[in-house]
Structures are given as structure tokens and as C-alpha cells.
Novice: 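Mind having a look at this structure? Questions to follow.
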Protein chains: 2
Amino acid sequence: MEENILLRQLLRERKLKATSTRLDVLAVISGYNKAIPFSEIQNSLHDFDRVTLYRTINSLMKSGIIHKASVGEKETFYAVCSSKCSSDSHNHKHIHFKCSNCKAVTCVQADSAINFAITGHTINNFEIEATGICVSCN
Amino acid sequence: MEENILLRQLLRERKLKATSTRLDVLAVISGYNKAIPFSEIQNSLHDFDRVTLYRTINSLMKSGIIHKASVGEKETFYAVCSSKCSSDSHNHKHIHFKCSNCKAVTCVQADSAINFAITGHTINNFEIEATGICVSCN
DNA sequence: ATTTTATTGCAACCTTGTTGCATTTAATGT
DNA sequence: ACATTAAATGCAACAAGGTTGCAATAAAAT
Ligand SMILES: [Mn+2]
Ligand SMILES: [Mn+2]
Ligand SMILES: [Zn+2]
Ligand SMILES: [Zn+2]
């Protein structure tokens, strides 16, 4: 109810109608504190149509509010974007880390900036997916 | 016909029967010289069942002959493994690069080894997918 | 309060990939 | 070359994940 106001604002800033579906979905995703698997969103909210959920997720992604954080091929994970993302462009410089123990997927920063070159190629963007053991499991 | 012998050998080494399906699929994939999209394999070879193609690709992957080279979420790409891969383990230390101009996906080495750390985390493995402009388009 | 415009639900569909089972094919030993 | 064995194939059926068209509904703007 109270926090709702913040989410409402966020949606309006990105020129999305603040519908109850979007508010609910957004609350679940941002309350999760790590990347959330699609099924987890679905289970938390079985009061609207499958199709609506897909469409909601798509519009949240297009407007730079959330992003996919897929590691491995299986289920799709979603995470809230940093404030630097907008409707125009997603702008992440972090790593998607999957803990092989607890299976959690998180967005983490590397300790120092990662740079590499490939002769003859122009690198415009890159994504890193890492697996290992996370902080809590260590 | 002549090269067939090499592919036959390769399959036998990995303890796979050298069936004509496998020889055909393998010839297409290794003749492509970059990562090949699934649909491209399908189009080159419409003489056997869809299911067989899936099963063939799976056994080639399990035995360390080819690997997935997916960049972005859309279609799945496959590429031949370096000789270092076996039935036991895939062992790639390269980058999957997608050219935003010609759309080709290639397996490339970075100019120098890539290393990074994440405080509190143990990193066991990572994958890098990069986008940009490839050699031929540059 | 009314109009405008975006979002939702539903049903139908598509793509990608998998499974069970009977049939065929490749490898192995004679 | 022939029979035996074990693996691979085709077919039909299924399942998960995701999309589309369209009429009904809800949010925003006037
Ligand atoms: Mn992320
Ligand atoms: Mn590769
Ligand atoms: Zn963990
Ligand atoms: Zn190119």
C-alpha cells in the first residue's frame, strides 16, 4: 500500500499505466532480492492469465525496469534493473552468477572492471554468466 | 566420401555408431566454419525426422564433438568443439561472438586470458557472450 | 462524466523439444 | 558372408513456453 506509491511512480516515469497486474508483478520481483525464476512469479500470483503475465514482463523489460538474467539454459530468471536502465537502453556491466549449491541467481559486480579485446573485432557489448558458490553458501 | 572417413573415425573414437544421419549432420556443421543455427542444419538436411535431428545433436554434444554457442535468446547455434573436449567434459575457454551486422556467431579467443573475481564468491566456470562487429565486416 | 487509449482475458495457435514403442541399421563375432 | 546384439531411427503423441487476434475492461486525459 505504502510502497505501492513508489512502484506507481516508477511505472509512470516509464510511461506505463499503473495497472494492478503490473504493481503486483513488480512487487513480487523487487521483493525477491535476487533474480527470480518465472515460475516463482507465477506461483506468487495465480490470479491473472498466463498471457497477461508474459505481456507484463515484456513491457517491464522494454521500459528498462527489469531484465533477463538467464544462466544456463533452463528456466528464465528476471531481476530489477539498476537505475541506469531506461526505455532506450539496458546498460548492465555486471555478472550473472548462479550458485551450484543453492541455485540462486544474482546480479553481482566483479571486483575490478573486466576488459578484453579480440583482434579484428569491435566489441560493443558483452554478458558474463558465471557459476560457482555464492557468498551465503561459502 | 573421402572426408567421410575422418568423420567416421571421430564418431568411433567417441563410441558412437557412424550412422548416415550422424555423418550428414556432422558434415554440415563442420563445413559451416562458424556456429550454425539449428534451422540451417534442418534446411540443409530435410531427409530425416525432426526427432532424429534432435537426438543426433544431443549425442554429438554429450560426446564432446559439438557444443551450443547461444548468443542472445533466439535460435540455438552449434559449433564443433576444439579437440580438447571429450565425452567426459567440455572444456572451452573462448568467447561466443555475434556480429550485429552479418549476424554470424563465432567462437573466438580473447587476445589475453580473462580473469576476474567476485568478493565472497568461488567462481568455478564462466561463459562470455559478446556482440559487436566481426573481422569480415570490419 | 465522457472520451481516448492501453491493458486484460480468452481461445487458439506456434515453436521447440521430449517420450514410448515398434522397426531398422550398424557393429561384432563366427 | 551370416546371425546376433545393441544402438539408432521414424512415427505419433505429448508438453512447456510463448505468441496473436479480438472483444471486453480499466486507466488516464479532457
Ligand atoms: Mn542482472
Ligand atoms: Mn564455442
Ligand atoms: Zn548459494
Ligand atoms: Zn559480421
Side-chain angles (χ1 to χ4, degrees), chain A residues 4-5 7-28 35-63 65-78 87 105, chain B residues 1 4-29 35-63 65-78 87:
Chain A
N4 245 340
I5 286 172
L7 299 181
R8 275 204 142 74
Q9 259 178 359
L10 180 55
L11 289 169
R12 302 308 324 287
E13 277 166 21
R14 307 301 165 97
K15 305 196 173 153
L16 293 178
K17 281 189 180 177
T19 68
S20 57
T21 307
R22 281 176 186 159
L23 290 168
D24 288 355
V25 171
L26 204 41
V28 169
I36 188 172
F38 181 82
S39 63
E40 190 71 28
I41 310 178
Q42 243 181 332
N43 294 343
S44 315
L45 301 164
H46 21 60
D47 292 328
F48 44 77
D49 199 81
R50 214 165 59 85
V51 177
T52 303
L53 183 49
Y54 281 117
R55 288 200 268 228
T56 301
I57 286 175
N58 279 336
S59 44
L60 292 178
M61 282 198 297
K62 271 189 224 143
S63 35
I65 296 176
I66 63 172
H67 66 278
K68 264 188 197 165
S70 41
V71 179
E73 344 286 314
K74 267 193 139 56
E75 200 172 5
T76 310
F77 286 68
Y78 299 93
S87 317
V105 173
Chain B
M1 290 296 167
N4 245 341
I5 286 174
L6 293 173
L7 299 180
R8 275 202 142 79
Q9 259 179 359
L10 180 55
L11 289 170
R12 301 310 323 286
E13 276 165 22
R14 310 299 168 98
K15 304 193 174 153
L16 293 178
K17 279 190 181 177
T19 68
S20 56
T21 308
R22 283 178 185 155
L23 290 168
D24 287 357
V25 171
L26 204 43
V28 169
I29 298 181
I36 187 171
F38 181 82
S39 63
E40 189 72 27
I41 309 178
Q42 245 182 332
N43 294 344
S44 316
L45 300 164
H46 23 60
D47 291 328
F48 43 78
D49 199 80
R50 216 166 58 82
V51 177
T52 302
L53 183 48
Y54 281 117
R55 289 200 268 226
T56 301
I57 286 175
N58 279 336
S59 45
L60 293 178
M61 283 198 296
K62 273 189 222 141
S63 36
I65 295 176
I66 64 171
H67 65 278
K68 264 188 199 168
S70 39
V71 180
E73 344 286 314
K74 268 192 139 60
E75 199 171 7
T76 310
F77 286 68
Y78 299 94
S87 317

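First the proteins, then the strands, lettered A, B, ... as listed; each starts at 1.
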Novice: Measure from CD1 on A/I57 to C1' on D/dT19 and round the result to the nearest Å.
Specialist: 14 Å
Novice: Check the distance between D/dG17's P and A/R50's CZ and give it to me in whole angstrom.
Specialist: 9 Å
Novice: Starting at the 5' end of DNA chain C, which residue's closest nucleotide do you reach first, A/K15 or B/Q42?
Specialist: A/K15
Novice: Of B/F38 and B/L16, whose nearest nucleotide on DNA chain C comes first from the 5' end?
Specialist: B/F38
Novice: Output the single nucleotide from C/dT16, C/dA12, D/dA28 whose closest atom is nearest the side chain of A/K17.
Specialist: D/dA28
Novice: With a non-hydrogen cut-off below 4.0 angstrom, is A/S59 in contact with a base, only sugar-phosphate, or nothing?
Specialist: nothing
Novice: Do you know which two heavy atoms are closest between A/R22 and A/L11, and how far apart they sit?
Specialist: CB-CD1, 3.9 Å
Novice: To the nearest Å, give me how far apart CG (B/L53) and P (D/dA8) are.
Specialist: 15 Å
Novice: Give a yes/no answer on whether the side chain of B/T56 brings an N or O atom under 4.0 Å of OP1 or OP2 in D/dT9.
Specialist: yes
Novice: Show, in sequence, the C-alpha distance, side-chain angles and deciding distance for B/Y78 and B/V28, and conclude whether the side-chain contact (heavy atoms from CB on, under 4.5 Å) test is met.
Specialist: CA-CA 11 Å; B/Y78 299 94; B/V28 169; over 6 Å; no
Novice: List the atom of A/L16, the atom of A/S63, and the distance in Å for their closest heavy-atom pair.
Specialist: CD1-OG, 3.2 Å
Novice: Output the rounded distance in Å from OH (B/Y54) to P (D/dC14).
Specialist: 19 Å
Novice: Provide, to the nearest angstrom, the distance between the CD atom belonging to B/Q9 and the C1' atom belonging to C/dA27.
Specialist: 16 Å
Novice: Give a yes/no on whether any side-chain N or O of B/N58 is located under 4.0 angstrom from OP1 or OP2 of C/dG17.
Specialist: no
Novice: Determine whether A/I57 and A/F38 make a side-chain contact, defined as any pair of heavy atoms from C-beta on separated by less than 4.5 Å.
Specialist: yes
Novice: I need the CG-P distance between B/D49 and C/dT23, as an integer number of Å.
Specialist: 17 Å
Novice: Does the side chain of A/L53 come within less than 4.5 Å of A/L45's, by heavy atoms?
Specialist: no
Novice: Is there a side-chain polar atom (N or O) of A/R12 under 4.0 Å from OP1 or OP2 of C/dA6?
Specialist: no
Novice: Any idea which of C/dG17, D/dT9, C/dT19 is nearest the B/V51 side chain?
Specialist: C/dT19
Novice: Using a cut-off of less than 4.0 Å, is there contact between a side-chain N or O of B/T19 and OP1 or OP2 of C/dA26?
Specialist: no
Novice: How many whole angstroms separate atom CD1 of B/I41 from atom C1' of C/dT16?
Specialist: 14 Å
Novice: Contact class for A/R22 vs. all strands (heavy atom < 4.0 Å): base, sugar-phosphate, or nothing?
Specialist: sugar-phosphate
Novice: Please report, rounded to the nearest Å, how far the P atom of C/dT7 is from the CG atom of A/D47.
Specialist: 21 Å
Novice: Tell me whether the OP1 or OP2 atom of C/dG17 has a side-chain N or O from B/T76 closer than 4.0 Å.
Specialist: yes
Novice: Side-chain donor or acceptor of B/R55 under 3.5 Å from a matching atom on the base of D/dG10?
Specialist: yes
